[in-house]
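To start, the structure itself, in structure tokens.
Residue numbering restarts at 1 for every chain, and letters A, B, ... go by the order of the sequence lines. Just the heavy atoms: all of them, side chains too, but no hydrogens, waters or symmetry mates, feed the values below.
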Number of protein chains: 2
Amino acid sequence: MKTAAVPADDQIDISTQSIRDSIRDAIVDRRLAPGTKLSEADVGALFNVSRTLVRAALQALAYEGLVNVEKNRGAFVAYPSPEEARQIFATRRLIEPGILREAAKHMGPSHLQHLRQLLMEEGRLMAERGQTARRAEIKASGDFHLMLASMTGNAVMQRFMDELVARSSLVIALYGQSAISSCGHQEHHDIVTAIENGDLDRACHLMIHHIDHIEADLDMRENKGSDLREAFGL
Amino acid sequence: MKTAAVPADDQIDISTQSIRDSIRDAIVDRRLAPGTKLSEADVGALFNVSRTLVRAALQALAYEGLVNVEKNRGAFVAYPSPEEARQIFATRRLIEPGILREAAKHMGPSHLQHLRQLLMEEGRLMAERGQTARRAEIKASGDFHLMLASMTGNAVMQRFMDELVARSSLVIALYGQSAISSCGHQEHHDIVTAIENGDLDRACHLMIHHIDHIEADLDMRENKGSDLREAFGL
DNA sequence: GCGCAAAAAATCGTATACAATTTGACCATT
DNA sequence: AATGGTCAAATTGTATACGATTTTTTGCGC
């Protein structure tokens with residue numbers, strides 16, 4: 001009956017926000033499998049806080065779409081349906097070109113430098129092998145898009161992208177096939193190059209294809225686990 | 001020290017969701033002025049529930065950007081800064097054309113019918129005068145955009161638009177000049193007409209201008225109240 | 001051994017209790 | 001009168017308590 005463990009930072013006094021972030025990281029990094037039950041008592045015990053704070057954190061995560069709360073049953077790590085996944089990527093295709101253009105407006109040489117730097121890091125991590133590398137890779141891939149969003153200087157867009165990237169990571173972790181995603185890295189580079197050349201149309205074009213590729217790499221046939229609950233009502 | 005009143009549905013047993021919706025409606029309808037303190041105890045008394053549920057509702061509203069929660073000080077109806085307002089409309093310009101195109105894909109004659117119907121309603125309300133009419137007008141105006149979003153069949157986009165429209169309503173209530181907004185109604189009609197004619201480029205063009213007009217109608221000079229807290233750091 | 005009903009345990013929903021922090025008032029001092 | 005400080009009241013932060021619901025286990029008959 002134990003729920004899956006989240007690494008407990010020992011001792012430290014922890015607030016709602018920290019709990020939320022810890023659980024979120026664990027979900028996005030796939031240390032918590034989709035469908036895992038997040039019992040209020042158990043999570044509280046791990047962090048040495050009362051259920052009150054855990055509840056608040058779980059409700060916030062539910063709002064972000066990373067957790068499902070079922071009345072009188074508890075909170076579960078979200079298990080996005082293929083349809084949900086499609087909607088997430090459709091939304092990204094819709095807004096990311098705009099974010100790209102907006103970001104490009106505010107971009108100086110130092111910003112481009114930062115982007116390249118992030119891609120270098122991403123490249124290094126991808127050289128590795130194994131589970132850890134894959135996690136880091138997914139994360140780094142998301143960070144590229146988040147950095148673009150932050151360069152718009154628009155906090156609203158940034159928050160939307162935060163949510164979309166987090167949910168995308170969950171989807172990729174769920175349905176992703178380990179192999180191919182390395183081409184995504186090259187696409188990031190190409191996008192930055194297009195921006196550098198001032199060819200925004202091309203950059204947007206590349207961005208859309210990039211998102212297409214991410215989605216195409218997924219194998220979203222059902223029954224990759226206990227989809228049963230969703231298969232019926234809730 | 002009394003906080004402003006929310007109309008209390010007598011007796012009925014009320015859940016977190018209802019409280020959230022009631023407060024949200026009150027904020028969007030401007031029955032609760034921006035900056036108003038929402039004391040947990042007072043709100044709880046109005047709805048005959050404990051602070052626990054009120055807190056949950058307020059936290060959810062904070063996530064939507066309709067309420068600011070300041071640590072150890074309490075929750076206040078959001079008082080969006082001009083910069084925030086600009087970001088909200090910038091985001092809308094970014095995503096609404098895409099929503100329009102996406103919605104158009106899924107649109108049949110019955111959907112167009114629904115849109116026209118909504119606009120008729122909107123027109124009737126605008127004939128009225130006074131505070132109530134203005135509220136209804138703001139609401140109806142938002143509903144048009146929400147209905148478009150719902151026609152995409154994309155729940156993620158729909159939620160984003162929910163948030164954007166709610167926050168826009170708050171901004172309009174705050175900075176809006178009562179006079180001019182009636183032209184927005186005509187613009188809604190024009191957009192639907194363009195969709196009917198299958199001229200999506202034109203519809204998108206109109207949509208962007210429509211949002212521009214809404215924003216242009218605002219008078220966002222500072223000091224429309226006690227902006228002091230925001231003027232410094234929080 | 002299998003199915004089913006009832007009891008027991010676990011878990012969530014909500015209220016309340018208590019600690020920590022802020023707010024406001026009152027008074028002393030300059 | 002203005003400034004500053006201390007204490008009381010109010011308000012939020014967190015934990016705990018208790019009732020309601022769900023889940024599991026038990027035990028009985030077949």
Specify the separation, in whole Å, of atom [atom1] of [X] and atom [atom2] of [N].
X       : N      : atom1 : atom2 : result
A:Asp42 : C:dT11 : CG    : P     : 6 Å
A:Glu70 : C:dC12 : CD    : P     : 11 Å
A:Phe76 : C:dC12 : CZ    : P     : 8 Å
B:Asn72 : D:dT11 : CG    : C1'   : 9 Å
A:Lys71 : D:dT22 : NZ    : C1'   : 13 Å
A:Arg55 : C:dA15 : CZ    : C1'   : 12 Å
A:Arg73 : C:dG13 : CZ    : P     : 11 Å
A:Leu38 : C:dC12 : CG    : C1'   : 14 Å

Check side-chain contact (heavy atoms from CB on, under 4.5 Å) between [X] and all other residues, then give those that pass, not counting sequence neighbours.
X       : result
B:Gln59 : A:Ala56, B:Arg55
B:Leu94 : A:Ile95, A:Ile99, A:Met157
B:Ala85 : B:Val171, B:Met220

**Complete:** Hits for side chain to side chain donor-acceptor pair (under 3.5 Å) against A:His213, two or more places apart or cross-chain, chain-then-number order -> A:Glu187
**Complete:** Residues at least two apart in sequence or cross-chain that pass side chain to side chain donor-acceptor pair (under 3.5 Å) with B:Asp143, listed by chain then number, are B:Lys139
**Prompt:** Between B:Phe144 and B:His188, what is the ring plane arrangement, given parallel below 30°, perpendicular above 60°, and tilted in between?
**Reply:** parallel
Pairs: protein N or O with nucleotides 15-17 of chain D N or O, under 3.5 Å:
residue: D:dA15; atom: OP2; partner: A:Ser50; partner atom: N; Å: 3.0
residue: D:dA15; atom: OP2; partner: A:Ser50; partner atom: OG; Å: 2.8
residue: D:dA15; atom: N7; partner: A:Thr52; partner atom: OG1; Å: 2.8

**Prompt:** C:dA10 phosphate, OP1 or OP2: any side-chain N/O from A:Lys37 under 4.0 angstrom?
**Reply:**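 Negative; the distance criterion is not met.
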